[in-house]
Amino acid sequence: MTRSESGRDGGSPVAEGSSPSAAQAGRGGAPQTARQPVHGASFHEMWRDLRPIGRHADSGGYRRFAWTGADAECRAWFEEQARDRGLDYEVDRNGNQWAWLGDPAAGDAVVTGSHLDSVPDGGAFDGPLGVVSSFAALDELRARGARFDKPLAVVNFGDEEGARFGLACVGSRLAAGRLTVEQAGRLTDGDGVTLPQAMEAAGYDPEGIGPDPERLARIGAFVELHVEQGRALDLSGDAVGIASSIWPHGRWRFDFRGEANHAGTTRLVDRRDPMLSYAETVLAARREARLAGAVATFGKISVEPNGVNAIPSLVRGWLDSRAEDQTTLDTVVRAIEEAARDHAREHGIELDVVRESFTPVVEFEHALRDELVRILGRDTADLKVPVLGTGAGHDAGILSGTVPTAMLFVRNPTGVSHSPAEHAAEDDCLAGVTALADVLEGLARR
């Protein structure tokens, strides 16, 4: 995968040639009068340089998949940003990139960052906004002349989206021991290439992958900034918010097995068509999610023999479901499976349901979350920083069982994500950088 650009702006929040000072704003779009941020220029330059990498000319979306050429370019970009700032750069045993200000061995470090990979034809902001904002926040802190009692670091976690090997947050899962070496070795892409093979082909040694407790023990707090993947901030009128929790979520594979036959000669009454059972199950998923206030999506499907004039023998669909609490999620998924089995029996179809992954609810550490609220509200007594939950998974959620974690969200005016239409306005991006700088300064000086 190589760099490619189309005529669109690639989701850039900063117009070419614009002056950052003309668009700098505080939280909620209110102008900052007490202190004008100076990070706009560095944010603009980084976004401009990163923007073309892995962008598909036809779709306008990004294809930055783990251990591919586009991924290598993103990694080179990260290393360049670290070295240009005089930071100590290193790659850990699982391929995650780190840029350190201060001695990591001192411990109790304040770490920020996100990821640079993408879903197929994904948007520009999901992941990269957090990494670019982390470097820009560091630039802002240096411009302020801030002094720290703790080391700081920026991290790029590898393969967060799971687009190539089918499992999200591989880099952070390995580091936290949430994915074993054996399980990682069995991950394969669509061409049958295993994760270790892909790492080796990209120039990394896969023999060293695995839990990294010593490194994680150095971290006193991890704060991830991310574009919001919903419209809560747009509806509340706030530029920046704080995460309260990540909804429990999982992926289930539904295998509907019928009988392949000729589409033009087989009477309807003689068919065992698994596509019918699958289609009815998709509708059931929507119905059950709506009734429970949850979400449920069949977004991926595989059909055999996949011929236009052939009745399928197998329809395999993947369900993604998420809810605010575990009980609701269990209820929704159970109801979907019961409906699927009823429809399968009606059409003479065999059905297997396999849970392929699951992440329980993540409650971000309340003390750290409350500290973020205090830091971001300290300049204005009546400022109420919104605290909101999210249905999307993140590296911060994976690490939460090992280190104190928190998240900041930047407003997404349409709520669209995992799409080339994903967007955040320049003012809001810069407000996010200011908020992140304030948080890092507050945490690293206490």
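Predicted, not measured: the structure shown is a model, and the values here were computed from it.
- Taking the six-membered ring for Trp and thresholds of 30 and 60 degrees, Phe125 and Trp47 have ring planes inclined between 30 and 60 degrees apart.
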Determine, stepwise, if the pair Val193 / Trp67 fulfils side chain to side chain contact (heavy atoms under 4.5 Å, CB included). CA-CA 11 Å; Val193 178; Trp67 308 113; over 6 Å; no
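- In this structure, the side chains of Leu225 and Ser114 stay at 4.5 Å or more apart for every pair of heavy atoms.
- Residues Ser244 and Arg369 are in side-chain contact: their nearest non-hydrogen atoms beyond the backbone lie under 4.5 Å apart.
- Inter-residue side-chain proximity for Pro120 and Phe65 is flagged as met; some heavy-atom pair is nearer than 4.5 Å.
- Residues Ile336 and Thr281 form a side-chain contact, since some pair of their non-hydrogen atoms from C-beta on lies under 4.5 Å apart.
- A salt bridge does not link Arg186 with Glu182: every distance from a Lys NZ or Arg NE/NH1/NH2 to an Asp or Glu carboxylate oxygen is 4.0 Å or more.
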Please test Arg75 against Asp71 for salt bridge (Lys or Arg N to Asp or Glu O under 4.0 Å), starting from the C-alpha separation and ending with a verdict. CA-CA 6 Å; Arg75 289 171 173 275; Asp71 185 52; 3.0 Å; yes
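- Environment of CD in Gln183: crowded, with over 12 heavy atoms of neighbouring residues, nucleotides or ligands closer than 6.0 Å.
- Comment: Asp255 engages Arg316 in a salt bridge, judged by a side-chain N to carboxylate O separation of less than 4.0 angstrom.
- With respect to the salt-bridge test (charged N to carboxylate O, under 4.0 angstrom), the residues Glu337 and Arg334 do not qualify.
- Closest of all the heavy-atom pairs between Leu233 and Glu228 is N-OE1, 3.1 Å.
- Within 6.0 Å of CD on Glu200 lie no more than 12 heavy atoms contributed by other residues, nucleotides or ligands.
- For Arg286, the CZ atom sits in a loose shell: 12 or fewer heavy atoms of surrounding residues, nucleotides or ligands are nearer than 6.0 Å.
- Counting heavy atoms from C-beta on, the side chains of Phe43 and Leu129 come closer than 4.5 Å.
- Trp77 and Asp49 share no side-chain donor-acceptor pair at under 3.5 Å.
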Quick one: do Phe165 and Asp189 satisfy side chain to side chain contact (heavy atoms under 4.5 Å, CB included)? Show the steps, please. CA-CA 5 Å; Phe165 298 101; Asp189 66 11; 4.1 Å; yes
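- For the pair Lys300 and Tyr278, the tightest heavy-atom approach, listed with the atom from each and the gap, is O-OH, 4.4 Å.
- For CD of Glu79, the number of neighbouring non-hydrogen atoms (other residues, nucleotides, ligands) closer than 6.0 Å is greater than 12.
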Check step by step if side chain to side chain contact (heavy atoms under 4.5 Å, CB included) holds for His394 and Gln229. CA-CA 11 Å; His394 301 280; Gln229 295 169 290; 3.4 Å; yes
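- Electrostatic pairing of Arg253 and Glu356 counts as a salt bridge here, judged by a charged N lying under 4.0 Å from a carboxylate O.
- Nearest heavy atom pair, residue Glu224 against residue Gly113, reads CG-O, 3.2 Å.
- For residues 245-269, every residue pair satisfying the ring pair (Phe, Tyr, Trp, His ring centres under 6.0 Å) rule, not counting sequence neighbours, is listed here: Phe254-Phe298.
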Apply side chain to side chain contact (heavy atoms under 4.5 Å, CB included) to Arg322 and Asp320, showing your working. CA-CA 7 Å; Arg322 309 170 190 229; Asp320 179 300; 2.8 Å; yes
Could you check His418 against Asp126 for side chain to side chain donor-acceptor pair (under 3.5 Å), going step by step and ending with a plain yes or no? CA-CA 7 Å; His418 285 188; Asp126 181 354; 3.0 Å; yes
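- Note on ring orientation: taking the six-membered ring where Trp is involved, the planes of His226 and Phe409 are perpendicular (angle over 60°, cut-offs 30° and 60°).
- The shortest non-hydrogen separation linking Cys169 to Ile398 is CB-CG1, 3.7 Å.
- In terms of heavy atoms, Leu116 sits closest to Cys74 at CD1-O, 3.7 Å.
- Using modelled atom types, one finds no donor on one side chain facing an acceptor on the other under 3.5 Å when comparing Ser118 with Glu161.
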